[in-house]
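Working notes for the structure below.
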Amino acid sequence: RDSTAKLFFYEEEKSPHTHKHDWKEHHFALHVFRKHIIESAIFSSNAELRAAAEKAMLEQDNPMVWSDAEDEGASDRAEKASEESEHDIPEAICNGVDGAALLGLAGLVMYCDPLQTPPILAAAMLRSLLLTDQMDRARAYFEAIFVRSRKAQAMVVAGQIPVDFLCSVKAHRSASLVLRRLLARYQTLDRPGLCHLLNHVLLEEFRTEPHCRDLVLGNALMQ
């Protein structure tokens, strides 16, 4: 279908005003990874995933238009967000993509600069590294994308990323926010997992960080 083809060949259909750049290995690997992730969802045997993927791609193609009645600067922020997400994948596709598809694409991650990779796509790449047991590379990649990828942060809370990875980014204030979200789920954690989270992650790793005292230890959750 024409609408499906449009989802894949996004580079060819950009506005003529879009800034052009020379394609290097990063851009090529990113393009191939993104294309195959989308394709695996659009042509999935799971009807719900197919529908969610198509809907998400259409929504990404048609971002909200701000009216003059919106607050000053809202239009600029929306335009910037649209530009940043242009080469990303919708979260619905990141959530639903099959592990087998990620396994087959893991070799491309080494060619992509994490600092230039869109945040949700970066989270999918991180997941592919974890699925192939490249733990050292996955940890380093996590450190590079953690602050700017809300999806990667959410994956820690969801248990899709080892909680110990959080210790590598403990200097960031957002790491304490993620830790607090993890602790708020204490009732869903098994006893060994909760003990490790409290004794090692919180008390050994995070406790001396000023933002941890403010956001975690001083929070009503810990009372």
Side-chain angles (χ1 to χ4, degrees), residues 7 10 24-42 44 46 49 52-53 56-57 60 81 84-183 185 188-189 193 196-197 200-201 205-206:
L7 303 180
Y10 64 100
K24 299 180 180 178
E25 60 183 18
H26 162 77
H27 304 111
F28 180 76
L30 189 68
H31 173 78
V32 173
F33 194 101
R34 180 184 188 272
K35 176 182 181 296
H36 282 280
I37 288 292
I38 295 173
E39 184 176 359
S40 70
I42 294 293
S44 171
N46 184 320
L49 175 57
M57 290 303 298
Q60 188 180 60
E84 289 176 347
S85 66
E86 181 181 2
H87 303 304
D88 211 343
I89 57 174
E91 190 168 351
I93 290 180
C94 182
N95 292 340
V97 64
D98 185 72
L102 291 172
L103 282 169
L105 296 169
L108 293 171
V109 180
M110 65 182 293
Y111 300 105
C112 295
D113 181 351
L115 299 181
Q116 296 184 51
T117 301
I120 300 177
L121 193 55
M125 291 186 175
L126 174 58
R127 187 177 159 207
S128 73
L129 294 176
L130 291 169
L131 287 171
T132 51
D133 293 322
Q134 300 182 59
M135 301 307 289
D136 290 341
R137 180 170 288 172
R139 182 186 284 269
Y141 197 89
F142 175 76
E143 293 172 8
I145 70 171
F146 174 75
V147 172
R148 51 185 289 270
S149 176
R150 293 290 183 88
K151 182 58 181 174
Q153 296 174 20
M155 287 168 65
V156 178
V157 180
Q160 297 173 312
I161 294 175
V163 68
D164 285 340
F165 280 22
L166 203 58
C167 300
S168 300
V169 294
K170 64 183 180 181
H172 297 290
R173 182 179 177 85
S174 52
S176 283
L177 293 172
V178 173
L179 177 57
R180 190 172 71 189
R181 290 168 61 193
L182 270 169
L183 290 167
R185 299 179 63 249
T188 67
L189 302 175
H196 180 73
L197 187 61
H200 176 66
V201 179
E205 294 286 345
F206 271 78

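Model, not experiment: these values are computed from the prediction.
- Two residues are said to be in side-chain contact when any heavy atoms from C-beta on lie closer than 4.5 Å; Met135 and Pro162 meet this criterion.
- Closest heavy-atom contact between Leu189 and Leu182: CD1-O, 4.2 Å.
- Residue Cys94 holds its SG atom at 7.0 Å from CZ of Arg127, rounded to the nearest 0.5 Å.
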Going through the checks in order, is the side-chain contact (heavy atoms from CB on, under 4.5 Å) test met by Ile161 and Phe146? CA-CA 11 Å; Ile161 294 175; Phe146 174 75; over 6 Å; no
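- Closest non-hydrogen pair, Val97 versus Ala101, comes out as CG2-CB, 4.1 Å.
- Remark: Ile38 CD1 to Met57 CE distance equals 4.0 Å, nearest 0.5 Å.
- To the nearest 0.5 angstrom, Leu130 atom CG is 10.5 Å from Arg139 atom CZ.
- Considering only residues two or more places apart in sequence or on other chains, Asp113 meets the side chain to side chain donor-acceptor pair (under 3.5 Å) condition with Gln116.
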Between His196 and Asp164, is a side-chain contact (heavy atoms from CB on, under 4.5 Å) present by the stated rule, with each step listed? CA-CA 9 Å; His196 180 73; Asp164 285 340; 2.6 Å; yes
Given Val147 and Val169, is the side-chain contact (heavy atoms from CB on, under 4.5 Å) satisfied, shown in steps? CA-CA 9 Å; Val147 172; Val169 294; over 6 Å; no
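- Put simply, CD1 on Ile93 and CZ on Arg34 are 8.0 Å apart, with the number rounded to the nearest 0.5 Å.
- Among all heavy-atom pairs drawn from Asp88 and Leu121, the shortest one is OD1-N, 2.7 Å.
- Minimum interatomic distance between Arg185 and Val157 (heavy atoms only, all atoms of both residues): NH1-O, 2.9 Å.
- Contact record, Leu49 with Gly96: CD2-O, 3.3 Å, taken as the closest heavy-atom pair.
- Under the 4.5 Å side-chain criterion, counting only non-hydrogen atoms from C-beta, Leu179 is in contact with Leu197.
- Two residues are said to be in side-chain contact when any heavy atoms from C-beta on lie closer than 4.5 Å; Lys170 and Val201 fail this criterion.
- In this structure, Ser128 OG and Leu103 CG are separated by 8.0 Å, a value rounded to the nearest 0.5 Å.
- Applying the 6.0 Å contact sphere to CZ of Arg180 captures more than 12 heavy atoms from other residues, nucleotides or ligands.
- Residue pairs meeting the ring-ring contact (aromatic ring centres under 6.0 Å, His included) criterion with at least one partner in residues 157-183, sequence neighbours excluded, are Phe142-Phe165.
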Which side-chain N or O atoms in residues 104-112 pair as donor and acceptor under 3.5 Å with protein atoms at least two apart or in another chain?
none

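- Note: Leu126 CG to Leu131 CG = 9.5 Å, rounded to the nearest 0.5 Å.
- Side-chain atoms of Ser44 do not come within 3.5 Å of backbone N or O of Ala41 as any donor-acceptor pair.
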Between Asn95 and Glu91, does a side-chain contact (heavy atoms from CB on, under 4.5 Å) hold up when you go through it step by step? CA-CA 6 Å; Asn95 292 340; Glu91 190 168 351; 3.7 Å; yes
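- Nearest heavy-atom pair, Arg148 versus Pro114, reported as atom, atom and distance to 0.1 Å: NH1-O, 2.9 Å.
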